[in-house]
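In what follows, a single structure is set out as structure tokens and then discussed.
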Amino acid sequence: MIVSRTPLSTRLWAAAIWVLVGFFVLNLAGLIGSVVTSSFATRWLGTWLPAGFTTKWYFAAWDEFQLGDVLWVTFQVVGSVVALAGLFGVPAAYALARRDFPGKKAVLLLLLLPLLVPPVTYGIPLATVLYKSGLGGSLAGVILANLVPTVPFVVLVMIPFIEQIDPRIESAARVFGANTLKVFIYVLVPILLPGVLAALLLVLVRTIAMFELTFLVAGPGSQTLVVALYYAVFAAGVRAVQSIDAMAVIYMVTTLVWLIIALRFVNPTQIVARAKRSNT
Amino acid sequence: MTVATTKFETLRLEDMSRDFGTFNALKGLNLTIRRGEFIALLGPSGCGKTTALNCIAGLLDVTGGRIMLDDTRIDTLRPEERGFGMVFQNYALFPHMSVRRNVGFGLKMRGVPKAEIAARVDAVLATVRLSSQADKLPGQLSGGQQQRVAIARAIVIEPPLVLMDEPLSNLDAKLRLEMRGEIRRIHQSLGSTTIYVTHDQEEALSLADRIVVIREGVIRQVGTPAELYASPAHLDVADFMGFRNRVPGKVIARDGDLVTLDVGDGARLIGHARDGVRDGAVGIAMARPDDLAPTDAASGIPATIETIEYRGREYHGLARTAGGLEVFFSAPSAHPVGDLVRLGADPDRVLVYPEEKP
Amino acid sequence: MTAASSAARDSGPTLAQRLRIRGLDGVTLLVVPCVLLAIALFVYPFFYGLWLSFQPKNGGAALTNYQRFFTEPFLSKTIWTTLRLALPVTLLNLFLAVPIAFRVRLMKRQRLLTTILVLPITLGTVLIAEGMLFYFGPQGWLTRTLMWLGVISQPLHVVHTYWGVFLSLVIAIFPFTFLLTLSYVTGIDPSLEQAAATLGASPAARFREIFLPLLLPGLAITFCLSFVQAFSVLPSAVLVGDPANTTRVISIAAYQAAFEEYDYSLASAIAMIMGAVQLMVVVVVLGGRTLLYRGPVAAAKG
């Protein structure tokens, strides 16, 4: 038998907190549930549940919003951003983790700033520059804009990961006669792979969900799913509410799938901030 | 407020148990600790000794039995109500407070007037020889200094009971020896009662009035250092007390509590039998490497020397019998590796245990 | 490398060796592409925007745009409108996050809860706004439930008001605030609390004397990062707010200047003002932080 010596006040306090969390989660579920229910509704006015259920809105949304095109654009943008962020970010993170050179603090600050300043603030001057240079509205412009927060993100997530790898492993490989290329292929790539994978998965989720930058830079032919969704909600009334909701559900499923995959590899706090302590 | 007073006579653990899910970390500990004693809880890591300490401190709830301070039941009290002093393995000094504020924290929590806090903190800092460091932050101190702050913080509240959780394990060998003396000195000068958790048998032997050997959540033996050193009650306690040689053999003769074992190859070992050693059955002879030496007697255990190293006063070696048994021995002079020697021991230095039931 | 080997016949270290000692070698060069990218896509646009903001579209003095912003209430009021949303939202989130983080810290299985809380971050403000239009709407489940329970007799007027945006920001940013707070809270060595308890400190005293001083610097950073997000609110202010009036936030003004009036100069000026206000709040909060303890929050160790 466990003797409980928790005072009543502590237990009441705990109960109050769980009620608060429950309230938040309940409303969140209601919010998401509303959208999902509506997307399957035949007619839903003034009742608890719709009159009937149908999947026709998904087909309607697919045609009305050219979701095929939008998804293809989203796929191209996200794929390019993930690849480029990895290509630029991982080598830089390696250099910053392994070398101490003059100006290193300045470089870190330069990479930290795009994560601290919200996208709307730097997005407007960036969009201006991109439009001036003819990249505004193009797929390339959207990809470039999305690199601004994602490359620093990869660098800052990877630095602690690389720092916790013992540099003597690389030295050992060199002492045993491996050249730089061989060290890279046989030693670094296998060791770094899990960290790179985790960082890039987070980049993927963030890029799918990145609204502000894409919104400021995208043109009609380069809208990602989330921006298309915004325009659909903004112009509500033109189209059936249910087909907008069907689109929202498609968007939700797209992010959720990747989020769940990502969460198998990373700690949730890494999504909002760089890991302060490497997990041992 | 705290219930404990310095006037208590005994602390009794009555069938104290602690489960973590299906894992029984402590399986019904019974122990009486008298005022002023220095008790060491000794055992290998994972044996439950730190769990036991945390239960006494109130940082863990017991899941069975109770803890009595004289006639007061204290296992139902929260740690802040017990009033014990505790020294943590990682010291747990508050990093944002100066040494002075760290040490004065317990007094402040008890509502002691400021002037009195200052006086008592100064006095205890003098005791641990840290008066000159009073205004530094813990991060600016060396490991040994932090250790002494942790002790000062625990004893300044004049607790009836001081609990120490492997306080020396983070220090280097030389500092460890120095702090060992310091802890013993502080214990004696305060006349407090101390429970000290360690996995280091040497530390326990040199510090404690009584040693409690714990293994797999069970108390195996309680005794003074001399008792434990000379006559461990069980095979595993003997092993823990430095009896590294474990030689099985058949009991072929008995004279009082002295039995003779036939350990194969015509060799004999004579030693004091512990409870449960039966004539004609297998017994296990235990001896320290220091007590096993090359001998001219024909009854010595024949073994081939595999390694031998110089240890200052004498040589220590490892030899192997024809049956493959490893034996550790000491010798006054060097022997070449590969030599066949006969090893024997003084019967008073050999203990014979019954074979352990699986 | 080849140039260095020919010079190696001379006595003393080669140039390459001397550079390597200062930490400059082939590996260090890996940082260059990344830095160039950040300069091209972040630093350059920022300074271009700054320069552009001093070049008014219709000519005039360099400060015309700034003068216009601060003299036209339609524009200058947006700062106040945004602060009136962002500050309470950030503070409320912080006040909710701290006690919840302290509870969650004691849980063995934090993963499920934190996963649920991550959802709103990745769903983003657009989806949350869409859901809110339904859920908080006059026919929504929340209104129906409250009316069924008899808590209210008239449908809620949340959507398309200040409170609509307020709630959407709480939902969207709380998880962010919470996860940051949780990482700070769990970073404090639990043995410090145990030590305080054995020294006689009650739960309230342990919070006041140990946790709060160690946590404040982290909370200051959490406040800044959460505030900056709330301050740049755009989609929910348009979708679930009252974008012509009580939720006409500064990013709406900037967006309209750029993409409706095509006045990139004014838009840049507004973006700069936006950045300056954010910076001011951050400096004030972090300035206060220098008064606090800022060392490690693990138990001190040599």
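Quick note on labels: first sequence line is chain A, next is B, and so on, each numbered from 1.
Ranked by heavy-atom pairs under 4.5 Å with chain C, the first of Gln147(B), Lys108(B), Gln145(B) is Lys108(B).
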What verdict does the side-chain contact (heavy atoms from CB on, under 4.5 Å) test give for Arg206(C) and Glu80(B), after you've listed the backbone C-alpha separation in whole Å, the side-chain angles of each residue and the deciding distance to 0.1 Å? CA-CA 10 Å; Arg206(C) 299 202 288 264; Glu80(B) 61 265 33; 3.2 Å; yes
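Of the inter-residue distances, the one linking Met109(B) atom CE with Ser202(C) atom OG reads 7.5 Å to the nearest 0.5 angstrom. Atom OG1 of Thr198(C) sits about 13.5 Å away from atom CD1 of Ile56(B), to the nearest 0.5 Å. To the nearest 0.5 Å, atom CG of residue Leu199(C) and atom CZ of residue Phe94(B) are 5.5 Å apart.
For chain B, no part of Pro190(C) is nearby; none of its heavy atoms comes within less than 4.5 Å. Contacts between Glu193(C) and chain B at a heavy-atom distance below 4.5 Å are absent for every atom of the residue.
Atom CZ of Phe20(B) has more than 12 heavy atoms from other residues, nucleotides or ligands within 6.0 Å.
Nearest approach of Ser191(C) to Ala92(B), heavy atoms of both residues: OG-CB, 3.3 Å. Annotation for Leu214(C) and His96(B): closest pair CD2-ND1, 3.5 Å, computed over non-hydrogen atoms. The two residues Pro95(B) and Leu192(C) make their nearest non-hydrogen contact at CD-CD1, 3.7 Å.
In this structure Phe207(C) satisfies the ring pair (Phe, Tyr, Trp, His ring centres under 6.0 Å) test together with Phe102(C), sequence neighbours excluded.
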